[in-house]
Q: 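Sharing a structure below in C-alpha cells format, with a few things to ask.
As the structure is a computational prediction, the values presented were derived from the model and not from experiment. Every chain is numbered from 1 and lettered A, B, ... according to where its sequence line falls, protein lines coming before strand lines.
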Amino acid sequence: MRRGLKPYQHTANSSAAAVWDGVYSRVTSASLTHLQSLEAESIAILREVAASFERPVMMYSIGKDSSVLLHLARKAFFPSKIPFPLLHVNTTWKFREMIAFRDAMAEKHGFDLISHTNPEGLANGINPFDHGSSRFTDIMKTQALRQALDAGRYDAAIGGARRDEEKSRAKERIFSHRNASHAWDPKNQRPELWRVFNTRLNPGESMRVFPISNWTELDVWTYIYSEGIELPTLYYAKERPVVERSGTLIMVDDERFRLEPGEAPQQEMVRFRTLGDYPLTGAIRSSAATLPEIIMEMQASRTSEREGRLIDSDSVGSMEKKKQEGYF
Amino acid sequence: MSLPLATPDTDISLWLAQQTDKSLLRFLTCGSVDDGKSTLIGRLLYDSQLILDDQLASLKKESHNRTVGEEGIDFSLLVDGLTAEREQGITIDVAYRFFSTDQRKFIVADTPGHEQYTRNMATGASNADLALVLIDARKGVLTQTRRHSFILSLIGVKHVVLVVNKIDLMGYDEATFDRIVAEYRAFAAPLGFKTLAAIPVSALRGDNILAKSDRTPWFDGTPLVPYLETIEVAEDRTLGKLRFPVQWVNRPNLDFRGFSGTVASGIVAVGDEVLIASSRKPAVVKRIVTMDGDLQRAVAGQAVTLVLDREVDISRGDMLSHAGETPEFSNQFQARVVWMSEEPAFPGRSYLLKLGTQLVPATITDLKFRTNVNTLEQTAATKVDLNEVATVTIATDKPIAFDAYASNALTGGFILVDRITNATLGAGTIEFGLRRAQNLTYQSFDVNREVRAQMKGQSPKIVWFTGLSGSGKSSIANLLEKRLTADGRHAYILDGDNVRHGLNRDLGFTEAARVENIRRVAEVAKLMADAGLIVLVSFISPFENERRLAREIAGDIDFVEVYVDTPLEVCEARDPKGLYKRARAGEIKNFTGIDSPFEPPSTPDLVLHGGEEEPVELSDKLHGWLKF
C-alpha cells in the first residue's frame with residue numbers, strides 16, 4: 001500500500017462522491033491538471049481510432065510507454081474490452097522477463113495478443129552478434145513489422161511514440177499517414193487542426209496513430225506512479241549479470257550471449273531506462289529500486305532517454321531515415 | 001510483478017504531487033525566419049535545463065560553421081527537426097516542443113514564418129491558448145507581423161505576447177521598444193485580443209527570458225518565462241453550455257449501452273435531461289461511467305461514457321446538450337476558410353466536411369469574398385488558392401450540429417477533405433448558421449414526379465455520358481434518343497451545343513467555369529427528370545469531382561454514368577470538328593486530352609468501348625441495358 005500523498009488517484013474502493021470532490025475542486029479553480037488533460041486527449045484519440053478504422057491494431061512493446069498505452073486503452077473502452085488486438089513484434093532476443101510479463105498482462109486484462117517473428121529472419125538465424133545492430137533491426141523489426149501489418153491487413157497501427165523523444169518525432173502528426181509501402185513522407189503531411197483528425201484512407205494506405213504524442217518522459221513516469229500501472233521489474237535496480245562493452249553495460253540474459261575470450265559477467269546493481277533486445281539495450285548503474293527513486297534519479301540525470309538505444313547514434317537524421325523506410 | 005512502491009519520503013511525494021498538479025499552457029510562436037524564433041525556443045529549453053548532456057554534445061558538434069551565441073551553441077538546431085530543413089536552414093512545418101517549470105507544463109508549437117505560413121500558423125494556433133509574436137527590434141512591425149496577428153484573430157487566439165527580440169542589437173534602447181509597442185498596439189486594437197503584453201528580449205544572450213535583465217533597467221514588466229508561468233488563459237469551458245459529441249457507442253453486451261465521448265464544454269450530471277441534436281428527443285443521464293468508478297458529474301475536457309435511462313437512437317456524430325441550450329442544427333452556414341492545398345477551392349465542388357465526430361459531404365455554395373491576409377482588404381473571387389482566407393457559405397448533405405466558432409472552437413471548427421485523395425484541403429471556422437435552409441420547405445404538390453412519370457409511361461432517369469471529345473458520346477446519345485422516341489418514350493439530349501450557346505454562354509473554359517457549367521447542366525437535368533423525362537446528358541465532364549457532384553444533385557433520381565471509353569488516338573484521328581488539330585497547334589487552350597487531363601470514372605455504371613464497336617451497336621447495347 002502506498003502512503004503519503006496520492007495525487008488525484010481514483011481507486012476502486014473510494015466513493016464516487018469523494019472522487020468527484022477531488023476533481024471538482026481543481027476544475028472549478030482553473031481546469032483539469034496537465035495529466036488529466038493528457039489522459040483525456042489520449043483516450044479521445046484511441047476512441048477515434050476504434051470508431052474510424054476497420055482493422056486497427058495496437059503495437060505492444062512491453063515497455064513503460066506501451067504499458068501506459070495499454071492502461072489508457074482499457075480506460076477508453078471500459079466496460080468494453082479493448083476492441084482491437086495488440087501486436088508484439090518478437091525478435092526472439094527480448095529479455096525473458098518481458099515475454100513473461102507480456103503473457104501475464106494478456107491473461108490478466110483479456111486482450112487479444114498477436115506475436116509475430118520474421119520467419120525468414122528466424123530461418124536464417126539473424127542475430128545481433130553476427131549481423132550487426134542495423135541489419136538485425138532492419139530484418140527482425142522493420143521488415144517484421146511490415147509483414148505483420150500486411151498479413152493482418154491493418155489499416156491503423158497505434159504506437160507509443162512521443163514527440164519529445166527525438167527531433168524528427170517533434171513534427172510527427174498524431175494521425176500519421178503512410179502510403180501502401182508503409183513509408184512516411186515528411187513533406188506531405190496532413191495538417192492537424194483542433195482535435196479534428198482526418199482518418200480517411202485510400203485502398204492499401206494505412207495510418208500510424210500516436211495517442212501519447214504530447215506526453216513527456218516525466219509525464220509517463222508520474223502517470224505510472226499516480227495510476228499504479230504495472231511494469232516489468234527490469235525498470236528498477238537489482239543485481240544483474242552484466243558485461244561492459246565500449247562503455248555500455250549489457251545484461252547476459254540467456255546462454256545465447258557470446259562472451260569474448262576472458263570476459264565474465266559481473267553482478268552489478270543496474271536498471272534499464274528502455275526495454276528492447278537484451279544484447280542491444282544498455283543498462284545503467286543505479287540503486288533506484290522504487291518508482292519515486294527512479295523518477296528522482298531520472299530528474300537528476302543528464303542524458304536523454306534514447307541514448308541507451310544503439311540504433312540512433314549512427315548519423316544525424318538516422319531516425320528520420322528509418323521512419324521513411326517504415327520503422328515505427 | 002508490479003513495481004514495489006516505497007514508503008515514500010515526504011519530499012518525493014510532495015514533489016510528485018506538484019508534478020501531477022501542474023497546469024498546462026499550449027502556446028505558439030510566430031515570426032519570420034530572421035526574427036530568431038527557433039533561437040528563442042532553443043533558449044527556453046536551454047534555460048529550463050532541459051538540454052541533456054548527450055544532446056548538448058551533439059549540438060556543439062552540429063553548431064560548427066553556424067552563427068552561435070555566447071554559449072557556443074546555435075539554439076535553433078534544437079528545434080529544426082528534419083534533415084531537409086537543416087540543409088536549407090529554414091523551418092518548413094509545425095514542430096511541437098515541451099518544457100516545464102515548477103508551475104506549469106508548456107507545449108510549444110513552433111510554426112514557420114517562411115513558406116506556407118498561413119497553413120502552418122493556422123494549424124499551430126488551433127490548439128494554442130497564447131501566441132508569442134516575434135519582432136526584430138531592428139525592423140519593427142512588418143507586413144508579416146500584421147499577417148500573423150490576423151491569422152491569430154481568425155483562429156481565435158486570445159492572448160498575445162509581443163516579443164521584441166534582438167534588443168541587444170539596438171543597444172537596449174527604450175525609445176525603440178516603446179515605438180514598436182505603440183505601433184503594434186494601434187494595429188492590434190481591432191483584432192480582439194484579451195491580453196497583450198510586450199517584452200524586450202535577446203534570445204541569443206538571454207535577456208528578460210528567465211529574469212529581469214540588468215541591461216534593460218527601464219523595463220518594468222515581467223520577464224518572459226515568469227509571465228508565461230502566471231498568465232491565466234484557461235477559458236473556463238465548464239461554464240459554457242453542455243456539448244457532448246458522441247464519439248463511440250460502447251456496447252460490450254446486451255445489458256450495457258453507453259455513449260463514449262469527451263465533454264466539449266459545460267457540465268453533465270447524473271439526473272440531467274439531455275436532448276439529442278438530430279432527433280430532438282430527450283433522455284435522462286442515468287450513469288457517468290469511467291474505469292475509475294462512476295462519477296456524479298463530468299466537466300469540459302473529461303472523457304467519459306454516458307448511460308441514458310431509455311432506448312434512444314444515437315450514433316457516432318450525434319451531439320447531446322441540455323434542453324433550451326441546444327446547438328444549431330442546420331445544413332447551411334457561413335464560415336471563414338483557410339485553404340491549405342495546392343488545388344484551389346471552387347464553389348460547387350463537393351468535399352467531405354469533418355466537424356467534431358461528424359463527417360458529411362459538403363459544398364461551398366457561395367464565395368462571398370477573399371481577405372488579403374496582408375492588408376485585410378476584402379476582394380471578390382471565383383476560387384480560393386493555397387494560404388488564402390475566404391468567407392463562404394457551405395451547404396452540407398444533411399444537417400449537422402454546431403456552434404459559432406467564437407462561442408465554441410471545438411464545435412465550430414471543421415476541416416474539408418478531398419473526396420478522392422483524402423487530403424486535408426482546408427480548415428474553417430463557422431460564423432453563423434443560415435436559418436434559411438430550415439425554413440425553406442419545398443411545397444408539396446399533389447402532382448408529383450411519380451404522377452408525371454406515370455402519365456408518360458416511363459421511369460425518368462438521367463443518363464450521363466462522359467468521354468473525350470470525338471469519343472462518340474453525341475452519336476450514341478442521338479441514336480438512343482431516336483430509338484426511345486420510336487418506343488413512344490419522352491427523352492431529351494443536353495449537350496455542349498444546346499447549353500453552351502444559351503444558358504451557359506457567360507461561362508468560359510477555366511476550371512472554375514467548367515465546374516459551374518456542370519453544376520448548371522446537372523440542375524437542369526434534374527428539373528427535366530422531375531418533369532418525367534429521360535435526360536441524356538452528353539458532356540466531356542473530365543473531372544471525377546464534377547461527375548460526383550452531378551450525381552449528388554440528381555438526389556433520388558435514377559442516375560446512370562456511361563463512360564464512352566475511346567482511345568485518344570482514335571478520337572484524334574476522327575477529329576469531327578477539327579478541334580484536336582487546333583489544340584495541337586496551340587490555338588485552343590485547356591483542351592481535354594491534350595493540355596488538360598481527363599480523369600476516367602472509377603466506378604462507371606457502364607463502359608462503352610468506342611474504339612471497338614460502332615455507335616449503332618453501342619446504342620443498342622445501352623438500350624438493352626437500361627430499364628425504362
Q: Could you check if a side-chain atom of A:R200 sits within less than 4.5 angstrom of a side-chain atom of B:L359, using non-hydrogen atoms only?
A: yes
Q: What residue, out of A:N214, A:T222, A:L218, A:T216, has the most heavy-atom pairs lying under 4.5 Å from chain B?
A: A:N214
Q: With only heavy atoms counted, which part of B:R26 is less than 4.5 Å from chain A, the side chain, the backbone, both or neither?
A: side chain
Q: Strictly below 4.0 Å, N to O, side chains only: are A:D164 and B:R97 in salt-bridge contact?
A: no
Q: Can you name the nearest heavy-atom pair linking A:A161 to A:F210, along with the distance?
A: CB-CD2, 3.7 Å
Q: So which residue, B:G301, B:A409, B:G356, ends up with the most heavy-atom pairs under 4.5 Å with chain A?
A: B:G301
Q: Taking the six-membered ring for Trp and the full ring for Phe, Tyr or His, determine whether the centres of B:W248 and A:F53 are under 6.0 Å apart.
A: no
Q: Any side-chain heavy atom of A:D219 within less than 4.5 Å of one from A:H34?
A: yes
Q: What part of A:L201 is in contact with chain B, defined as an atom under 4.5 angstrom from a non-hydrogen atom: side chain, backbone, both or neither?
A: backbone
Q: Within the structure provided, determine whether B:L425 and B:W339 are in side-chain contact (heavy-atom separation under 4.5 Å).
A: yes
Q: Under 4.5 Å, counting heavy-atom pairs only, tell me which of B:G413, B:A423, B:A128 racks up the most with chain A.
A: B:G413
Q: Give a yes or no on whether a salt bridge exists between A:E97 and A:R102, defined as a side-chain N under 4.0 angstrom from a carboxylate O.
A: no
Q: Taking every non-hydrogen pair under 4.5 Å, which of A:H177, A:E41, A:K81 racks up the most with chain B?
A: A:E41
Q: For chain A, which candidate among B:N250, B:I415, B:I107 shows the most heavy-atom pairs at distances under 4.5 Å?
A: B:N250
Q: Using a 4.5 angstrom heavy-atom cutoff, name the option from A:S52, A:P191, A:A50 with the most pairs to chain B.
A: A:P191
Q: Can you say whether B:K354 sits under 4.5 Å from chain A via the side chain, the backbone, both, or neither, judging by heavy atoms?
A: both
Q: For A:E205, which atoms come within 4.5 Å of any heavy atom of chain B: side chain, backbone, both, or neither?
A: neither
Q: When only pairs under 4.5 Å are counted, which of A:I43, A:L38, A:V196 shares the most heavy-atom pairs with chain B?
A: A:V196
Q: By a 4.5 Å heavy-atom criterion (distance strictly below it), what part of B:F256 contacts chain A: side chain, backbone, both, or neither?
A: side chain
Q: Examine whether an atom of B:L352 lies under 4.5 Å from a heavy atom of chain A, and if so say whether it belongs to the side chain, the backbone or both; otherwise answer neither.
A: side chain
Q: Out of A:L193, A:I295, A:N202, which one racks up the most heavy-atom pairs below 4.5 Å with chain B?
A: A:L193
Q: Centre of A:Y236's six-membered ring, under 6.0 Å away, within 45 degrees of the axis: is that where NZ or CZ of A:R271 sits?
A: no
Q: Name the region of B:V304, side chain, backbone, both or neither, that has any atom closer than 4.5 Å to a heavy atom of chain A.
A: backbone
Q: Pick whichever of B:L355, B:V417, B:T262, B:N253 has the most heavy-atom pairs under 4.5 Å with chain A.
A: B:V417
Q: Run the side-chain contact (heavy atoms from CB on, under 4.5 Å) test against A:F78 and tell me which residues pass, sequence neighbours left out.
A: B:V289, B:M291
Q: Closest approach of B:Q247 and A:E48, non-hydrogen atoms and distance?
A: NE2-OE1, 2.8 Å
Q: Do B:F414 and A:W194 have their ring centres less than 6.0 Å from each other?
A: no
Q: Count the heavy-atom pairs under 4.5 Å between each of A:S213, A:A76, A:P83, A:S80 and chain B, then report the option with the highest count.
A: A:S80
